Amino acid sequence: MRTLTFDNRWLRELPGDPETDNFTRQVPNALWSSVIATSVKAPKLLAYSPEVAELLGLSQTDMQDPAMLDALSGNGLLPGMQSYATRYGGHQFGNWAGQLGDGRAILLGELMHQGKRFELQLKGAGATPYSRRADGRAVLRSSLREYLCSEAMHHLGVPTTRALSLVTTGEQVVRDMFYDGNPQLETGAIVCRVSPSFTRFGHFELPASRGEFDLLKQLISFTIDRDFADWHPTQPHKLEINVLSPELILAWFTEICERTAVMVAHWMRVGFVHGVMNTDNMSILGLTIDYGPYGWVDNFDPGWTPNTTDAQGRRYCYGRQPDIARWNLERLGDALATIMPSANDLDSALDHFDSVYITYLTQAFAGKFGMGEWQDGDGEMVNRCFELMMRAEVDMTLFFKHLALLDINNPKLETLMPAFYTEQGFNNFKADFEQWLMVYSQRVQSSLQSPSARLQQMQAHNPRYVLRNYLAQQAIDLAEQNNTSLLEKLHQALRNPYTEQAGMELFEAKRPDWARHKAGCSMLSCSS
Ligand code: AMP
Ligand code: MG
């Protein structure tokens, strides 16, 4: 096993918890606690991402090394690794939840490769001081979903944390999947996640809520210096030792708002629904983080949420994601405002969120519809289309695939037929859609794009392959039997999600009827 370089700045520069025993507790005035992963009986490397391994400078041989398997399963550390869990709070489903923290995530340190920094983090490697009443473990179904989806999102061009490996533990974990009094034994698993930083909004909210203002300032300075190292030097207001100017905080918060807006605009473009947009699940870098009961829009429906816990309120449904992202930024702003001269000093950053979001969203939708540049008045046409798609039950991904094939000079609704879930939907909304097609085709003609430029624009914005919920579930069912063939094949298709690939036709198909109401395919819970 080659020597890896670790530079564990979080531990070196930020205050830690003096208590080193591993028991559940409140941790005041510190940002991390030392913790050793709980070893597992029979770890097995089920899959790893060669792209992430390469990013980290790990060869195929390194990935097969027994010492690496130990590290990826929590059974040992490689030289330079130090293990710890971080402390954060968060607003969950709109309510302040106090201290949360890495309850089942254990960091292994900051790996340096080619001048880049990567935090490595095991999810499911055992209890930490932040585990509250839970066991610190994770099951195969949720781990596979996280592993595969974070890689799929990366290849879609959506900002995201990455996944290096998926390991089964050889141990079982008890889960009551739907919280209905039916606990079952499930296969235990651990994902090794990778990100320049796993810092969340909640890391800042907790010190602010506890009046730990020096700690809050220290964390902000640290984050700007370590995690915004590319951005910070471009700013007129520099970070001075021990002096954090209000101007710099505002500029930094504005940057966070921008990155978050870009991320959510991408989610809306590809039809991704995060499912648990609590502030502890929001990355300070604007990366998609914490893949839990997420889902992909099949039949277009802004009110759809994959999370059964959210079924009543639909707080985290597809259509509300931009509003919720902004709400979460407001909570982060509240935390930062505790050290600003006055309460509304950060408001302009939220305005910036609104304008960046609109710019990116309209650009994305101009691309999806192949209209060249977005123009005033396009909103009405696009909204009318979404309204019809919802009412007629039309598949989001397939709709845009087939819309790209439309003959703009002679548009026929039949071209779009494969995207309809039912014949009834097609027949009932035929006249409405045909009317819409006339308006749409005129708009596209007015853009003066050549047919090939239009096709290119649409193919660049509309994925052919997304990790439909039922596909992930099929890969899980097989992986439970130790068969990773579908996992590997799906991963392969999702590496080039915008390009048609021979032999991958099955992954383009719309959700089959049996999956409409099946657990794991349309309904997911937080139990993982
Ligand atoms: P989530 O909703 O998955 O983002 O988790 C919210 C909080 O619960 C975080 O602090 C997690 O670390 C913690 N948590 C979730 N599942 C577990 C588990 N199985 N064991 C310990 N902590 C957990
Ligand atoms: Mg979380």
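Counting convention: from 1, in listed order, for ligands and their atoms alike. These numbers come from a predicted model, not from an experiment.
When each atom of ligand 1 is checked for a heavy atom of Arg175 under 4.0 Å away, the hits are 19 (N). Atoms of ligand 1 found under 4.0 Å from any heavy atom of Gln92 (numbered from 1 in listed order, with element): 6 (C). Those atoms of ligand 1 with a heavy atom of Leu100 less than 4.0 angstrom away are 10 (O). Less than 4.0 angstrom separates some heavy atom of Asp290 from each of these atoms of ligand 1: 4 (O).
The existence of a salt bridge linking Arg511 and Asp395 is excluded, since no basic side-chain nitrogen approaches an acidic carboxylate oxygen closer than 4.0 Å. A salt bridge does not link Arg25 to Glu19: none of the charged nitrogens lies less than 4.0 Å from a carboxylate oxygen.
If you run side chain to side chain contact (heavy atoms under 4.5 Å, CB included) between Leu329 and each of Ile256, Thr279, Ile324, only Ile256 comes through.
Taking atom 5 (O) of ligand 1 as the reference point, the nearest protein heavy-atom neighbour is Asp280 OD2, 4.5 Å. Counting protein heavy atoms only, atom 13 (C) of ligand 1 is closest to Arg132 NH2, 3.5 Å. Residue, atom and distance of the protein heavy atom nearest to atom 12 (O) of ligand 1 are Gly103 N, 2.7 Å. Remark: minimum distance from atom 19 (N) of ligand 1 to any protein heavy atom is reached at Asp135 OD1, 3.1 Å. Closest protein heavy atom to atom 10 (O) of ligand 1: Gly101 O, 2.6 Å. Closest to atom 15 (C) of ligand 1 among all protein heavy atoms lies Arg104 NE, 3.8 Å.
By the definition of a contact as any protein heavy atom under 4.0 Å away, atom 22 (N) of ligand 1 is in contact.
Ser195 places a side-chain N or O within donor-acceptor distance of the main-chain N or O of Ser197, the cut-off being under 3.5 Å. Side-chain atoms of His232 never come within 3.5 Å of backbone atoms of Ala229 as a donor-acceptor pair (strictly under, hydrogens ignored). A donor-acceptor pair is defined here as one N or O able to donate and one able to accept, closer than 3.5 Å; such a pair exists between the side chain of Asn75 and the backbone of Val40. Side-chain atoms of Arg104 come within 3.5 Å of backbone atoms of Arg137 as a donor-acceptor pair (strictly under, hydrogens ignored).
Aromatic ring pairs are classed by plane angle as parallel below 30°, tilted from 30° to 60° and perpendicular above 60°; the pair His491 and Tyr147 is perpendicular.
Of all the heavy atoms of Arg137, the ones lying under 4.0 Å from any atom of ligand 1 belong exclusively to the backbone. Neither the backbone nor the side chain of Thr128 has a heavy atom within less than 4.0 Å of ligand 1. Contacts of Lys123 with ligand 1, taken as heavy-atom pairs under 4.0 Å, are absent altogether.
Remark: Arg145 is positioned above the aromatic ring of Tyr294, its terminal NZ or CZ atom under 6.0 angstrom from the ring centre and at most 45 degrees off the axis.
Remark: ligand 1 and Asn281 share an N or O pair separated by less than 3.5 Å (distance only, no angle test). Taking only nitrogen or oxygen atoms, main chain and side chain alike, Gly136 reaches within less than 3.5 Å of ligand 1. Geometrically, ligand 1 and Val276 share no nitrogen or oxygen pair separated by less than 3.5 Å.
Counting heavy atoms only, Ala134 comes closest to atom 18 (C) of ligand 1 of the residues Ser528, Ala134, Pro293.
The atom of Asp290 that is an N, O or S and sits closest to the Mg ion (ligand 2) is OD2.
In this model, no donor atom of one side chain and acceptor atom of the other lie less than 3.5 Å apart for Tyr84 and Asp102. In this structure, a donor-acceptor pair under 3.5 Å is present between the side chains of Thr160 and Tyr291. A donor-acceptor contact closer than 3.5 angstrom links the side chains of Ser33 and Tyr130.
Not a single N/O/S atom of Asn278, whether from backbone or side chain, sits less than 2.8 Å from the Mg ion (ligand 2).
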